[in-house]
There are 2 protein chains.
Amino acid sequence: MAADSTVQRQSGVALWRQIADRIRASIAGGDYDESGRVPPETVLAAQFGVNRHTVRSALAALAREGIVRPVQGVGTLIERKERLNFPISRRTRFIEGLGSQARETEGLLLQSAHEPASADLARRLGVPEGASVIRLETLRKADGRPVSRATAWFPAERFSGIDEAYRDSGSITAAFRRLGLADYVRVSTEVTASHAESGDMKDLDLSAGAVVLVTRSLNADPEGVPVQYAVSRFPADRVQFTVEN
Amino acid sequence: MAADSTVQRQSGVALWRQIADRIRASIAGGDYDESGRVPPETVLAAQFGVNRHTVRSALAALAREGIVRPVQGVGTLIERKERLNFPISRRTRFIEGLGSQARETEGLLLQSAHEPASADLARRLGVPEGASVIRLETLRKADGRPVSRATAWFPAERFSGIDEAYRDSGSITAAFRRLGLADYVRVSTEVTASHAESGDMKDLDLSAGAVVLVTRSLNADPEGVPVQYAVSRFPADRVQFTVEN
DNA sequence: GCAAATTTGTTCGTATGTATC
DNA sequence: GGATACATACGAACAAATTTG
């Protein structure tokens with residue numbers, strides 16, 4: 001096969017990283033499902049039009065991430081491939097949305113704080129600017145792997161104690177219920193994507209250059225009164241969203 | 001201000017590129033709207049904890065993209081800030097969705113072909129495997145800037161001639177109408193994100209390491225019969241989606 | 001108009017990372 | 001593994017343009 005020319009030199013992104021990203025995407029996309037392994041290094045080197053050493057750097061990075069495992073004399077075996085699907089709808093819930101895709105999920109409270117609402121946040125939550133809000137920093141895992149890192153704000157007056165309720169239950173839905181809110185609906189969701197930042201790398205176990213999906217979502221009670229605004233970050237190679245209309 | 005430490009060394013992604021991405025996102029997010037310019041190089045260097053030269057490399061990249069313009073003795077002025085918003089709903093239309101966000105839009109037909117439906121595509125379109133489908137490769141621009149690169153499939157039997165109809169009108173909605181389909185609805189949308197591939201770099205005018213949002217969408221006629229399945233790729237620094245529930 | 005402060009532009013050198021052969 | 005070429009990043013200056021007092 002001729003050189004792929006799908007990697008760019010002098011772009012500020014090292015060739016080994018571009019190739020690692022491409023191979024990771026191919027694994028997630030199921031391109032190597034039949035053999036369960038990555039093509040030989042010499043084949044990959046020819047495909048991408050680079051030296052075999054460069055491919056080895058890429059595979060070493062994937063091995064550090066736990067995605068592949070090289071076996072001398074055999075090849076580079078695929079250890080893990082996964083992409084969780086999150087439905088986005090009026091009934092969007094984190095845990096139920098995952099359904100049978102994960103055996104067990106957990107929600108960790110990293111940090112909580114009371115603070116005054118910024119102008120932007122106040123507008124979204126429908127409270128006066130400077131009104132007290134509770135901020136929760138959460139990390140959600142599925143089968144032990146981090147799948148989202150979220151910052152969520154709640155009106156403090158109405159949801160006093162939601163920090164402990166979340167810490168105990170590991171679930172927004174359960175925390176709301178404990179505070180007397182039996183139901184809520186997703187009003188809107190903004191979806192963007194960007195590169196992983198330092199917080200993402202640490203909490204979501206990503207490497208620099210990885211892609212994160214970012215949602216900014218607003219939840220309201222059945223009467224339409226805003227109850228939660230959240231910014232959530234998902235590793236793009238492990239997560240996708242679906243919108244059913 | 002102390003070093004930001006949100007950029008990572010020895011990650012395979014050059015510092016200047018990480019910083020360029022961050023500044024571009026800040027511009028798109030409106031962080032510098034008051035002054036209309038980027039903070040001075042020395043300030044940015046302190047923020048990111050890097051040498052001023054490194055910041056200059058980042059700003060030079062943004063200047064090549066036409067996003068900023070440096071003026072000696074004054075500062076680095078913001079030339080263009082844009083992030084188009086695409087609403088995703090049952091009534092999702094490309095052109096109407098943009099609304100007043102762009103003065104003029106165009107849809108280019110890059111290529112068209114008749115081909116047999118793969119198993120996966122046949123299932124989605126509700127036709128027999130191997131049935132003839134028409135594939136359109138399109139590039140959509142807003143105010144001259146590319147905003148999406150899409151591959152769309154249509155049942156050939158029902159929509160014969162949609163390739164010419166699209167080439168003439170530059171619009172899926174108009175092409176459907178010319179073929180007698182007055183209305184259609186968005187059934188579902190999958191959203192993922194990944195790194196730009198070679199086609200993205202060429203058609204969407206992106207550099208390696210850039211982030212693209214990818215949607216896989218299904219449209220149906222008012223009776224619910226599938227009429228179009230499409231895979232669309234959007235530059236993540238110029239586009240976001242919103243889901244209103 | 002002049003001087004000071006601010007900000008981008010340029011040029012050295014040096015060290016390290018990346019990629020090839 | 002070793003040699004080589006180039007890209008990346010830092011540091012310390014100094015120059016040029018603009019704004020401010």
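Note on naming: letters A, B, ... go to the chains in the order of the sequence lines (proteins, then strands), and numbering restarts at 1 for each one. These figures come from a predicted structure and were not determined experimentally.
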**Item:** Cationic N near anionic O, under 4.0 Å, Arg80(B) to Glu65(B)
**Value:** no

**Message:** Working to the nearest 0.5 angstrom, can you tell me the gap between Leu213(B) CG and Ser148(B) OG?
**Reply:** 11.5 Å

**Prompt:** Roughly how far, to the nearest 0.5 Å, is the CZ atom of Arg149(A) from the CG atom of Leu139(A)?
**Reply:** 7.0 Å

When you compare the protein's N or O atoms with those of nucleotides 12-17 of chain C, which come within less than 3.5 Å of each other, and at what distance?
unit_1: dG17(C); atom_1: OP1; unit_2: Gln10(B); atom_2: NE2; d: 2.7

**Request:** Kindly compute the distance separating CZ (Arg56(B)) from CG (Leu44(B)), expressed to the nearest 0.5 Å.
**Result:** 12.0 Å

Find every protein N or O atom lying less than 3.5 Å from an N or O atom of nucleotides 3-5 of chain C, and list the pairs.
none

**Request:** Quick one: pull up CD1 in Ile19(B) and CD in Gln47(B) and give me the separation to the nearest 0.5 Å.
**Result:** 10.0 Å

**Item:** 5' precedence on DNA chain D between Val55(B) and Arg52(B) (nearest-nucleotide basis)
**Value:** Val55(B)

**Complete:** When rounded to whole Å, the CZ to C1' distance for the pair Arg17(A) and dA19(C) reads 16 Å

**Asked** Under 4.0 Å between a Lys/Arg side-chain N and an Asp/Glu carboxylate O for Asp21(A) and Arg17(A)?
**Response** yes

**Request:** Could you tell me the separation between the CG atom of Leu15(A) and the C1' atom of dT20(C), rounded to a whole number of Å?
**Result:** 11 Å

**Request:** Please report, rounded to the nearest Å, how far the C1' atom of dT18(D) is from the CZ atom of Arg37(B).
**Result:** 10 Å

**Between dC10(D) (P) and Arg56(B) (CZ): distance, integer Å** = 14 Å

**Message:** Under 4.0 Å, heavy atoms only, any strand: does Ser57(B) hit a base, just the sugar-phosphate, or nothing?
**Reply:** nothing

**Nucleotide of dC10(D), dT19(D), dT8(C) approaching Val50(B) most closely (side-chain heavy atoms)** = dC10(D)

**Asked** Quick one: is Asn51(B) getting a side-chain N or O under 4.0 Å of the dA9(D) phosphate, OP1 or OP2?
**Response** no

**Check: Arg238(B) side chain, Pro146(B) main-chain N or O, donor-acceptor pair, under 3.5 Å** = yes

**Fill in**
Here the distance between atom P of dT6(C) and atom CG of Leu44(B), to the nearest Å, is 17 Å

**Prompt:** Between dT6(C) atom P and Glu41(B) atom CD, what is the distance in whole Å?
**Reply:** 15 Å

**Request:** Kindly say whether Val74(B) contributes a backbone atom to a donor-acceptor pair with the side chain of Arg37(B) at under 3.5 angstrom?
**Result:** yes

**Message:** Going by the rule side chain to side chain contact (heavy atoms under 4.5 Å, CB included), which residues pair with Arg124(B) if we only count those two or more places apart in sequence or in a different chain?
**Reply:** Asp120(B), Glu190(B), Tyr229(B)

